[in-house]
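Take a look at the structure below.
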Amino acid sequence: MGYGYETRRGVGAPARRSAPPAGDRHWARELHTALRCAAALLCLLLLIDAGTGALTWWRGLLWLTLALLLLGVLCPPRVSAGEGWLSCRTPLRRRRVRTDSLVSVRVVDGVSRRLVLRDALGGRVEIDPRILVDNPGLWYHLAEDARTSAARGLLRCGTDALRDLEERVDREATRTVFRISGLEP
């Protein structure tokens, strides 16, 4: 199942079927987990201070600030995609990239792997590749639009990264089918 990221000149964009916008299916659960962690930290700190008799209004405000900072760190980005675009929204900013005008796709290794998408208009989005693996709808939009970018001759860097990601998505989909059907060893 190759997606054909060839960058040959003269090849028209593949025929497309319009699909509704897709979002991260696990975002709400991850947000609730982040909220529970921040609330647990706040309750624990307030209980410890109240138990020792050191709780004051300014210490309570300090613990609330600390819990909000933890929430800000743990809050997952909200990734969504539609025909021709992918956006990533965090508590502090929203970034959007035109996926039908991609010029580069890179995988950046570090503490956590990041997929960096850049478009011809200067837009840039960084996302965790696992989000695409876990959400076939998001992957579908990105793959379709990456084919369009490659057919237009815009996507010059990143076809290997997309092929690797495609293989990962296919492996995970196969694993899921086997798990659901009870054929997993």
Side-chain angles (χ1 to χ4, degrees), residues 1-31 34 72-179:
M1 285 203 323
Y3 278 97
Y5 294 108
E6 294 86 21
T7 57
R8 294 178 284 151
R9 295 240 184 248
V11 176
R16 295 175 55 133
R17 285 179 266 160
S18 183
D24 186 355
R25 299 178 301 176
H26 306 293
W27 179 80
R29 185 181 65 215
E30 291 174 7
L31 178 64
V73 168
L74 295 179
C75 187
R78 186 166 199 169
V79 178
S80 56
E83 190 171 327
W85 59 271
L86 185 136
S87 94
C88 180
R89 191 172 60 198
T90 64
L92 299 179
R93 66 180 165 213
R94 179 179 183 190
R95 297 212 174 194
R96 189 174 176 128
V97 69
R98 293 291 312 177
T99 51
D100 55 359
S101 299
L102 288 175
V103 293
S104 77
V105 177
R106 299 184 296 132
V107 176
V108 178
D109 289 323
V111 174
S112 66
R113 290 187 84 173
R114 309 301 292 166
L115 185 69
V116 181
L117 307 168
R118 291 182 188 267
D119 66 14
L121 303 172
R124 180 177 181 270
V125 169
E126 282 187 41
I127 61 172
D128 184 353
R130 186 78 201 159
I131 292 173
L132 296 172
V133 172
D134 290 343
N135 297 281
L138 289 173
W139 168 248
Y140 172 78
H141 284 292
L142 178 61
E144 288 293 311
D145 291 333
R147 276 195 289 270
T148 301
S149 295
R152 291 178 181 166
L154 294 172
L155 185 60
R156 303 253 180 211
C157 174
T159 56
D160 292 337
L162 287 170
R163 274 193 211 102
D164 292 343
L165 189 56
E166 173 191 355
E167 290 172 7
R168 225 173 127 192
V169 169
D170 288 344
R171 271 195 313 271
E172 189 62 34
T174 303
R175 218 176 266 133
T176 301
V177 168
F178 282 140
R179 185 175 40 248

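Just so it is clear, the values below take in all heavy atoms, side chains as well, and ignore hydrogens, waters and symmetry mates. Bear in mind that the values here come from a model prediction, so they are computed numbers and not experimental data.
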With rounding to the nearest 0.5 angstrom, report the [atom1] to [atom2] distance, [X] to [Y].
| X | Y | atom1 | atom2 | value |
| --- | --- | --- | --- | --- |
| R130 | R168 | CZ | CZ | 6.0 Å |
| R163 | E167 | CZ | CD | 9.0 Å |
| S87 | R95 | OG | CZ | 12.0 Å |
| T159 | D164 | OG1 | CG | 9.5 Å |
| E126 | R106 | CD | CZ | 8.0 Å |
| L31 | D24 | CG | CG | 11.0 Å |

Please determine which of D145, L142, L154, T148 meets the side chain to side chain contact (heavy atoms under 4.5 Å, CB included) test together with L102.
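Going through the options one by one, the only one that passes is L142.
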Please say whether more than 12 non-hydrogen atoms of neighbouring residues, nucleotides or ligands are located less than 6.0 Å from [atom1] in [X].
| X | atom1 | value |
| --- | --- | --- |
| R89 | CZ | no |
| R124 | CZ | yes |
| R179 | CZ | yes |

On a heavy-atom basis, which atom in [X] and which in [Y] lie closest, and how many Å separate them?
| X | Y | value |
| --- | --- | --- |
| A22 | L138 | O-CD2, 3.4 Å |
| V125 | C88 | CG1-CB, 3.8 Å |
| D134 | P136 | O-CD, 3.6 Å |

Quick one: does [X]'s side chain have a donor or acceptor within less than 3.5 Å of a partner on [Y]'s backbone?
| X | Y | value |
| --- | --- | --- |
| W139 | E166 | no |
| N135 | G137 | no |
| R98 | G84 | yes |

Could you go step by step and tell me if W85 and H141 meet the side-chain contact (heavy atoms from CB on, under 4.5 Å) rule?
CA-CA 8 Å; W85 59 271; H141 284 292; over 6 Å; no
Show the numbers, then the answer: is there a side-chain contact (heavy atoms from CB on, under 4.5 Å) between R114 and D128?
CA-CA 5 Å; R114 309 301 292 166; D128 184 353; 3.6 Å; yes
Non-hydrogen side-chain atoms of P77 and R93 separated by less than 4.5 Å:
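Not touching, per the 4.5 Å side-chain cut-off.
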CA sep, side-chain torsions, deciding dist, call: R152, S101, side-chain contact (heavy atoms from CB on, under 4.5 Å)
CA-CA 8 Å; R152 291 178 181 166; S101 299; 4.0 Å; yes
Let me see the working for L117 and L86 under side-chain contact (heavy atoms from CB on, under 4.5 Å), right down to the final yes or no.
CA-CA 9 Å; L117 307 168; L86 185 136; 4.2 Å; yes
